[in-house]
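Everything below concerns the one structure shown next.
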Amino acid sequence: MAARSWHRATAGADRRPQAPAPHPSPRPTTGGTVWAWAPHFDAPAGSRPEGPVPGWTDVVSIADTGFTTVAVRADGTAWSYGTNVGGSLGHGFLERRHVYRPGPVTGIDDARAVYGNGPTFYVLRGDGTVTAWGHDRFLVNGGRREGRGGVPVPRRVPGTGDVVAMGPGRLNAFVLRSDGRVRGWGVNITSVLGDTRGTRPTTIARLRGVAGVASAGGAVVAVTADGRVRAWGSNAHGLLGSEPLGGRRGRPVLVAGLRDVVQVAGGSDVAYALDREGVVRAWGRGASGALGDGDTSQHASAGRVRVDGLPEIRRIAAFGLTGLALDTDGGLWGWGSGLGLGRYGADDAGRRPVRIPLPGPALDLSGRHVVLDGAAPR
């Protein structure tokens with residue numbers, strides 16, 4: 001389940017979607033509090049079903065992958081709680097246990113942002129390098145096969161530098177550099193690393209001016225500074241935006257019909273694009289209503305489907321086959337799989353977006369957690 005980090009770049013008087021910067025770079029942030037609107041997967045009996053996460057103030061970035069949640073605070077420290085899956089808490093142990101209260105991730109004091117997918121997490125450091133930990137040792141080691149088992153203590157990912165953002169997937173990971181180029185590593189079955197047999201960090205050819213990148217399962221999507229979207233990898237579910245479905249491309253292709261895009265997000269073989277007018281479009285795998293087209297059957301679409309029933313949207317995210325969005329007032333909306341929506345997935349939620357109640361306006365989101373604007377609710 002893809003998850004994305006939070007940057008408060010869009011906070012302030014103007015909450016409309018903003019065009020991507022031609023040369024992306026981390027921005028100074030001010031923090032918020034964190035609200036869990038649903039519990040972690042397989043959380044033990046007695047765990048809080050929803051509510052404020054204790055001690056999480058001044059949070060500037062968050063990543064929730066379902067079992068574990070990690071937050072970066074304004075002082076550069078990273079904190080985590082939830083179920084430890086192969087070292088996903090970053091607390092130095094591998095055994096599976098549930099931690100109810102957040103604790104510090106070992107050895108991190110200059111974090112800018114956190115990203116996660118599955119039980120593996122990545123922190124962007126102040127010097128532009130990436131540190132990772134968790135279940136997938138292969139990805140933590142930058143695509144280098146070395147031993148088995150998880151990595152419970154963060155370690156630097158080799159071959160990364162000058163990084164400003166990330167788009168990790170379950171089998172591979174991608175970083176966006178300040179020069180607008182994208183590098184990736186990991187499994188390359190669907191040619192998401194390009195036309196190479198390697199697994200270590202490599203620059204994606206013929207792709208420049210990127211302002212945001214997201215893994216969408218078998219394919220990767222990127223928005224460029226001109227508001228266009230490019231994709232590469234598998235077209236089995238239409239993620240390259242072309243018919244007939246099937247095949248794959250190791251070099252990025254233009255996804256036609258998308259203009260003025262300011263953000264992309266990727267889930268389980270489904271992709272979303274948010275444009276400057278606050279409209280969300282989806283393409284790819286439509287199971288469980290992930291496309292927001294009213295169809296919950298197993299189907300796919302290479303066409304960009306408008307997700308109807310949403311107000312003007314400011315930020316988007318994906319959580320497996322669930323689409324999530326924040327409107328310009330900070331309201332939270334979700335559609336698609338009930339696995340991601342929890343108790344809010346009832347009443348035909350897979351067919352149309354539903355409003356998920358929050359105690360206050362949200363600044364951004366990841367999985368079942370949001371960063372709230374203002375003081376922590378009581």
Side-chain angles (χ1 to χ4, degrees), residues 1-5 40-44 63-70 78-99 102-108 111 114-125 129-161 163 166-175 183-194 196-202 215-220 233-234 266-269 319-320 339 366-367:
M1 300 175 184
R4 64 169 306 279
S5 72
H40 286 116
F41 296 142
D42 293 337
D64 173 18
T65 62
F67 291 93
T68 312
T69 304
V70 180
W79 297 69
S80 63
Y81 86 112
T83 300
N84 190 56
V85 182
S88 60
L89 286 173
H91 292 178
F93 59 89
L94 287 171
E95 60 268 27
R96 191 181 182 99
R97 76 171 78 147
H98 189 84
V99 173
V105 176
T106 304
I108 295 179
V114 61
Y115 303 81
N117 200 304
T120 306
F121 288 90
Y122 309 81
V123 158
L124 172 59
R125 308 293 290 264
T129 62
V130 174
T131 291
W133 69 93
H135 179 267
D136 199 323
R137 177 180 293 266
F138 174 62
L139 291 180
V140 172
N141 288 342
R144 184 178 59 193
R145 302 188 186 281
E146 179 187 90
R148 297 184 178 181
V151 179
V153 177
R155 63 174 64 170
R156 178 172 173 172
V157 179
T160 61
V163 176
M166 288 194 66
R170 279 197 174 270
L171 301 178
N172 29 60
F174 301 87
V175 295
R183 287 174 63 81
W185 66 93
V187 176
N188 197 33
I189 294 175
T190 58
S191 299
V192 289
L193 301 183
T196 177
R197 294 184 178 180
T199 61
R200 300 190 184 185
T202 183
S215 173
V220 185
S234 171
S268 296
D269 294 312
F319 194 53
L339 182 65
S366 180

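Computation of the quantities below employed the complete heavy-atom set of this structure, encompassing side-chain atoms and omitting hydrogens, waters and symmetry-equivalent molecules. These numbers were taken from a predicted model, which means no experiment stands behind them.
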Discussion item. Holding to salt bridge (charged side-chain N to carboxylate O under 4.0 Å, His left out), I want the full list of residues that pass it with Arg183, two or more places apart in sequence or in another chain.
Written reply: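 Per chain and number, Arg183 pairs via salt bridge (charged side-chain N to carboxylate O under 4.0 Å, His left out) with no residue.
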Worksheet item: Between Phe67 and Phe41, how do the two ring planes meet: parallel, tilted or perpendicular, split at 30° and 60°?
Response: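 Ring orientation of Phe67 relative to Phe41: perpendicular.
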Discussion item. Considering only residues two or more places apart or on different chains, which pairs with a residue in residues 78-94 satisfy salt bridge (charged side-chain N to carboxylate O under 4.0 Å, His left out)?
Written reply: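 Every pair satisfying salt bridge (charged side-chain N to carboxylate O under 4.0 Å, His left out) with a residue in residues 78-94: there are none.
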Nearest heavy-atom neighbours spanning [X] and [Y]:
{"X": "Pro168", "Y": "Ser215", "answer": "O-CB, 3.6 Å"}
{"X": "Ala132", "Y": "Val157", "answer": "CB-CG2, 3.6 Å"}
{"X": "Thr65", "Y": "Phe121", "answer": "OG1-CZ, 3.5 Å"}
{"X": "Pro154", "Y": "Thr131", "answer": "CB-CG2, 3.3 Å"}
{"X": "Leu89", "Y": "Val99", "answer": "CD1-CG2, 3.4 Å"}
{"X": "Pro201", "Y": "Pro158", "answer": "CG-O, 3.4 Å"}

Worksheet item: How would you list all residue pairs meeting side chain to side chain donor-acceptor pair (under 3.5 Å) that involve residues 80-93, not counting sequence neighbours?
Response: Thr68-Ser88, Ser80-His91, Tyr81-His369, Thr83-His98
So do the side chains of [X] and [Y] get within less than 4.5 Å of each other, counting heavy atoms only?
{"X": "Met166", "Y": "Leu124", "answer": "no"}
{"X": "Ile108", "Y": "Arg125", "answer": "yes"}
{"X": "Val175", "Y": "Trp185", "answer": "yes"}

Quick one: pull up [atom1] in [X] and [atom2] in [Y] and give me the separation to the nearest 0.5 Å.
{"X": "His135", "Y": "Asn117", "atom1": "NE2", "atom2": "CG", "result": "13.0 Å"}
{"X": "Thr202", "Y": "Phe174", "atom1": "OG1", "atom2": "CZ", "result": "10.5 Å"}
{"X": "Leu171", "Y": "Ile189", "atom1": "CG", "atom2": "CD1", "result": "7.0 Å"}

Fill in: Side-chain donor-acceptor contact under 3.5 Å, Asp64 with Ser366
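The answer is no; no qualifying pair exists.
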Item to complete: Show the numbers, then the answer: is there a side chain to side chain contact (heavy atoms under 4.5 Å, CB included) between Asn188 and Arg197?
Response: CA-CA 7 Å; Asn188 197 33; Arg197 294 184 178 180; over 6 Å; no
Practice prompt. For Asn172 and Val187, indicate whether the former's side chain and the latter's backbone hold a donor-acceptor pair under 3.5 Å.
Written response: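 Answer holds: yes.
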Worksheet item: Which residues pass the ring-ring contact (aromatic ring centres under 6.0 Å, His included) test with Tyr122, sequence neighbours left out?
Response: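 Tyr122: no ring-ring contact (aromatic ring centres under 6.0 Å, His included) contacts found.
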Please report, to 0.1 Å, the donor-acceptor pairs under 3.5 Å made by any side chain of residues 137-147, with sequence neighbours excluded.
| unit_1 | atom_1 | unit_2 | atom_2 | d |
| --- | --- | --- | --- | --- |
| Arg137 | NE | Arg148 | O | 3.2 |
| Arg137 | NE | Gly149 | O | 3.0 |
| Arg137 | NH2 | Gly150 | O | 3.0 |
| Asn141 | OD1 | Arg155 | NH1 | 2.9 |
| Asn141 | ND2 | Arg137 | O | 3.4 |

Item to complete: Check side-chain hydrogen bond (donor to acceptor under 3.5 Å, both in side chains) between Arg200 and all other residues, then give those that pass, not counting sequence neighbours.
Response: none
